[in-house]
Amino acid sequence: MATRRFRHATMSDLPRMRVIYQRARELMAANGNPTQWGSTFPRESVVIDDIKRQRMMLLVDTKDGKERILAQFAVCLGEDPTYTHIDGAWLDNDSYVTIHRIASSGLARHAARDCIRWALTHYGNVRADTHPNNKAMQHILESNGFARCGLIQLIDRPTDTTRIAYQRHEW
């Protein structure tokens, strides 16, 4: 089995990342969640900004001498404006990081889980959100000890903005 490792994404990774996000959009639509990302999210300008700001992380391995991206996700430090108002309650008001735009390439099992665990190991207090129809991500978060904290409203979209908010804090 190839050894998995994490690294920051670079602009040269963008073509492969586009393919992974397209696969994720198609998979969500096929599994009853056609509107979370639709055909336009995550916006490429946001992904490029994530790369430039070194927020985009890749889970990679090497097979037959070639590096493969197994999953990709953004780790956003600092307060997320979307999380200011919640219909419910966060576990605490401590500093946290947010995981956004996670997508698996489908090349290896448990890639998304490994990304979540990496974030918890490195940051301890992690928040995330997902669409009510995204049962796969809900399962991944909940099976990794995240608490369902309530509902938030996205501030960057005109429609379909309700998301389930999660948090896990390694005390």
Side-chain angles (χ1 to χ4, degrees), residues 4-29 33-62 67-86 90 94-108 110-131 134 136-138 140-141 144 146 152-169:
R4 294 179 180 194
R5 60 188 169 79
F6 289 89
R7 69 171 178 82
H8 290 281
T10 66
M11 290 305 293
S12 64
D13 297 310
L14 189 58
R16 289 187 293 164
M17 293 172 65
R18 283 185 191 116
V19 171
I20 293 168
Y21 279 131
Q22 181 59 37
R23 177 191 176 276
R25 287 189 289 272
E26 292 168 1
L27 190 61
M28 281 192 254
N33 184 18
T35 60
Q36 180 174 349
W37 284 355
S39 62
T40 59
F41 289 94
R43 289 185 192 100
E44 184 156 319
S45 61
V46 172
V47 175
I48 290 170
D49 186 56
D50 286 339
I51 293 170
K52 288 179 178 178
R53 295 174 67 180
Q54 295 199 327
R55 297 190 309 198
M56 185 61 69
M57 298 299 299
L58 303 178
L59 171 60
V60 299
D61 72 2
T62 303
E67 183 183 76
R68 307 184 305 169
I69 299 174
L70 305 179
Q72 56 205 34
F73 61 105
V75 177
C76 303
L77 302 165
E79 271 191 37
D80 187 319
T82 302
Y83 292 172
T84 301
H85 302 289
I86 183 170
W90 294 110
D94 296 348
S95 297
Y96 63 90
V97 299
T98 308
I99 297 174
H100 284 302
R101 298 175 280 288
I102 190 167
S104 172
S105 66
L107 296 174
H110 306 300
R113 177 203 67 190
D114 290 352
C115 295
I116 300 286
R117 290 181 178 174
W118 179 91
L120 287 166
T121 299
H122 285 81
Y123 297 101
N125 194 2
V126 179
R127 293 182 183 181
D129 65 83
T130 194
H131 194 282
N134 193 335
M137 184 55 66
Q138 291 172 45
I140 291 167
L141 291 167
N144 281 283
F146 279 74
I152 55 107
Q153 299 296 319
L154 299 181
I155 58 177
D156 66 343
R157 299 190 201 174
T159 60
D160 192 30
T161 62
T162 300
R163 298 292 185 265
I164 302 170
Y166 288 90
Q167 183 178 7
R168 179 165 171 191
H169 192 162

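The figures that follow rest on heavy atoms only: side chains count, while hydrogens, waters and symmetry mates do not. Counting begins at 1 with the first residue of the sequence.
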(message) Can a side-chain donor-acceptor contact be found between Arg117 and Asn144 if the only test is distance below 3.5 angstrom?
(response)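 Result is yes, a qualifying pair exists.
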
(request) Verify the distance criterion only: is there a donor paired with an acceptor across the side chains of His100 and Asp50 at less than 3.5 Å? (result) no

Mind checking whether [X] and [Y] have side chains closer than 4.5 Å, heavy atoms only?
X      : Y     : value
Thr40  : Arg25 : no
Arg127 : Asp80 : no
Tyr96  : Thr98 : yes

Nearest heavy atoms of [X] and [Y], plus distance in Å:
X      : Y      : answer
Trp90  : Ile152 : CZ2-CG2, 4.2 Å
Ala9   : Ile51  : O-CG2, 3.6 Å
Tyr21  : Arg101 : OH-O, 2.7 Å
Ile86  : Ala165 : CD1-CB, 3.9 Å
Val126 : Ala119 : CG2-O, 3.9 Å
Thr84  : Pro81  : OG1-O, 3.1 Å

Could you tell me whether the side chain of [X] and the main chain of [Y] form a donor-acceptor pair under 3.5 Å?
X      : Y      : result
Arg23  : Ser104 : yes
Tyr166 : Thr130 : no
Gln72  : Met17  : yes

Output all residues satisfying side-chain hydrogen bond (donor to acceptor under 3.5 Å, both in side chains) with [X], sequence neighbours left out; order by chain, then residue number.
X      : result
Ser105 : none
Tyr83  : Asp129
Gln36  : Asn33, Asn134

Value rounded to 0.5 Å, distance of [atom1] in [X] from [atom2] in [Y]:
X      : Y      : atom1 : atom2 : value
Thr162 : Gln153 : OG1   : CD    : 3.5 Å
Leu141 : Ile99  : CG    : CD1   : 7.5 Å
Leu70  : Leu59  : CG    : CG    : 4.5 Å
Cys76  : Met56  : SG    : CE    : 8.0 Å
Ile69  : Leu58  : CD1   : CG    : 4.5 Å
Ile164 : Met137 : CD1   : CE    : 12.0 Å

(request) Let me see the working for Ile48 and Met11 under side-chain contact (heavy atoms from CB on, under 4.5 Å), right down to the final yes or no. (result) CA-CA 7 Å; Ile48 290 170; Met11 290 305 293; 4.0 Å; yes

(message) Holding to ring pair (Phe, Tyr, Trp, His ring centres under 6.0 Å), I want the full list of residues that pass it with Phe146, two or more places apart in sequence or in another chain.
(response)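 Phe146 satisfies ring pair (Phe, Tyr, Trp, His ring centres under 6.0 Å) with no residue once adjacent residues are dropped.
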
(message) Suppose we screen for ring pair (Phe, Tyr, Trp, His ring centres under 6.0 Å). Which residues come up paired with Phe41, at least two apart in sequence or across chains?
(response) none

(message) Taking Arg4 first and then Asp61, would you say they form a salt bridge - that is, a charged N and a carboxylate O separated by under 4.0 Å?
(response) no

(request) In sequence, state the C-alpha distance, the side-chain angles, and the governing distance for Leu120 and Arg168, and then conclude on side-chain contact (heavy atoms from CB on, under 4.5 Å). (result) CA-CA 8 Å; Leu120 287 166; Arg168 179 165 171 191; 3.5 Å; yes

(request) Answer yes or no: does atom CD of Glu79 have more than 12 heavy-atom neighbours from other residues, nucleotides or ligands under 6.0 Å? (result)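 At most 12 heavy atoms, drawn from other residues, nucleotides or ligands, come within 6.0 Å of this atom.
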
(message) Under the salt bridge (Lys or Arg N to Asp or Glu O under 4.0 Å) definition, can you give me all pairs with a residue in residues 11-22, not counting sequence neighbours?
(response) Arg7-Asp13, Asp13-Arg16, Arg16-Glu67, Arg18-Glu44

(request) Starting from the C-alpha separation in whole Å, work towards a yes-or-no answer on side-chain contact (heavy atoms from CB on, under 4.5 Å) for Asn125 and Gln167. (result) CA-CA 7 Å; Asn125 194 2; Gln167 183 178 7; 2.8 Å; yes

(request) Step by step, work out the side-chain contact (heavy atoms from CB on, under 4.5 Å) result for Tyr123 and Ser95. (result) CA-CA 10 Å; Tyr123 297 101; Ser95 297; over 6 Å; no

